[in-house]
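To start, the structure itself, in structure tokens.
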There are 2 protein chains.
Amino acid sequence: MTEQAVRSNFMAILEDNGYRLTLPRREIIGVLEAKQEGFTAEEIVSELPGIGRATIYRTLKLLQEVGAICRLNMLNGAPRYSPSRVEHHHHTVCVRCGLVSEFRAATLERFLRALSGEIPGVIVGHRIDLYVTCPTCLQDEQSRPALHLHGHGHAHAHDDSLAELVGS
Amino acid sequence: MTEQAVRSNFMAILEDNGYRLTLPRREIIGVLEAKQEGFTAEEIVSELPGIGRATIYRTLKLLQEVGAICRLNMLNGAPRYSPSRVEHHHHTVCVRCGLVSEFRAATLERFLRALSGEIPGVIVGHRIDLYVTCPTCLQDEQSRPALHLHGHGHAHAHDDSLAELVGS
DNA sequence: GTCATGTTGATACCCTGTATCAATTTTGTC
DNA sequence: GACAAAATTGATACAGGGTATCAACATGAC
Ligand SMILES: [Zn+2]
Ligand SMILES: [Zn+2]
Ligand SMILES: [Zn+2]
Ligand SMILES: [Zn+2]
């Protein structure tokens, strides 16, 4: 505690879960915590050439398991990671630049819980992702490099039909 | 119309979108429409040894684009496809057997629309997946082969905090 | 038929990630 | 500090899912 000036949040979480705070892990965490936006695993790999690819992936997985980061999918399925700042939350992801924000919505959670009565089986988890174009990307459609993170598929248009189960 | 006794839904959708109803496509559609549960692409590949892998993937992509099938992710990220029976919907997926069901929930959609006021940027799509253990799997935890489709990460436990944005 | 266009399938390739396993670090314990 | 046990690393190979290429082939319009 004293010989190491600052021990970051992520480091504390790892320690609290019984993992060792090795140098590679500290370097990875250092990079992650500086990230303002979502990132890919390979991005981290190339930012830390001294650390093996396997170690990067292993550490990302560890950090997911202890809840320090989230792994989410773009509309096209491409995976993306993002530091986790609060316990239970969901994400908005900019389909242009990959910016990830977290949000909490108790109403939504409450509604899902209510829905569990109408769903066969027991709910063991859920995922809610909102795909957006962020304010920055709305304005300058040029300055940032577009990541083409959008996709076809489930970019649902909204409608207002009644809640209804539709079978398998 | 007359020379072909039955023209399935999926075939009609493809035709309506200007694609050709080739033999490979018809065979693939035949297999897909018989599926009662979710399926993987490779599953289709091995069920149709006469058809090239690329064609299978291309056709699956096509069918996604015209809205005939959905591609979703298990909790662990593994992709899974499922025939789409209604326009806008979301999914419940059994984490044990991969059974996919669709559901509509207008309240949910309405709530998301309301939420869009609190979210920076414009929402261009959303994804809502409920991970469940289906009734069948609840009972016989043995008879079906477990697919290990669960995962760590975002299997959110529920909580009831107030709706609140949490920054990037 | 003939030509333009759409499709196919074999192949090679890319991306994301994991299994292996010997070499190295870290952590305790003396 | 020395030492042994346990955790971790990194090189490599591999797996899974999917796409780019491109020559051969089918389709449809004329
Ligand atoms: Zn953006
Ligand atoms: Zn939630
Ligand atoms: Zn099941
Ligand atoms: Zn919806």
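Per chain, numbering begins at 1; letters A, B, ... match sequence-line order.
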*Whole angstrom is fine here: how far is it from CG in B/L62 over to C1' in C/dT8?*
13 Å

*asked:* Could you tell me how far apart B/L21 (CG) and C/dT7 (P) are, to the nearest whole angstrom?
replied: 10 Å

*What about A/R20, does its side chain sit under 3.5 Å from the base of D/dT8 through a donor-acceptor pair?*
no

_Atom pair CZ/CG of A/R71 and A/L63 - distance to nearest 0.5 Å_ = 14.0 Å

*Round to a whole Å and report the spacing from CG of A/N76 to P of C/dC15.*
14 Å

Identify all pairs in which a protein N or O lies below 3.5 Å from an N or O of nucleotides 9-13 of chain D, and state each distance.
unit_1 : atom_1 : unit_2 : atom_2 : d
D/dT9  : OP1    : A/T22  : OG1    : 2.7
D/dG10 : OP2    : A/G52  : N      : 3.2
D/dG10 : OP2    : A/T55  : OG1    : 2.9
D/dG10 : N7     : A/R58  : NH2    : 2.4
D/dG10 : O6     : A/R58  : NH1    : 3.2

*asked:* When you measure from the side-chain N and O atoms of B/Y81 to the phosphate of D/dG18, is any distance below 4.0 Å, counting only OP1 and OP2?
replied: yes

_Length of the line joining B/L14:CG and C/dT7:C1', which is rounded to integer Å_ = 13 Å

*Approximate separation, where rounding is to 0.5 Å, of A/T22 OG1 and A/E27 CD*: 9.0 Å

_Which residue in the set A/E87, A/R85, A/H91 passes side chain to side chain donor-acceptor pair (under 3.5 Å) when paired with A/H89?_
A/H91

_Integer-rounded Å distance: C/dT8 C1' and B/L60 CG_ = 15 Å

*Specify the separation, in whole Å, of atom CG of B/L63 and atom P of C/dT7.*
12 Å

*OH of B/Y19 versus P of D/dT27: gap in Å, rounded?*
18 Å

*A/N73 has an atom CG; how far is it from atom P of D/dG17, in whole Å?*
14 Å

*Sidechain-backbone polar pair: A/S46 side chain, A/E42 backbone, donor-acceptor under 3.5 Å*: yes

*For A/Y19, does its backbone N or O pair with a side-chain atom of A/N17 as donor and acceptor, under 3.5 Å?*
no

*asked:* With a cut-off of less than 4.0 Å, is there a side-chain N or O of A/K61 near OP1 or OP2 of C/dT18?
replied: yes

*Is it true that a side-chain atom of B/R25 and a backbone atom of B/T59 form a donor plus acceptor pair closer than 3.5 Å?*
no

*CZ on B/R127 to CD1 on A/I128, rounded to 0.5 Å*: 13.0 Å

_Presence of B/Y57 side-chain N/O under 4.0 Å of D/dG18 phosphate oxygens OP1/OP2_ = yes

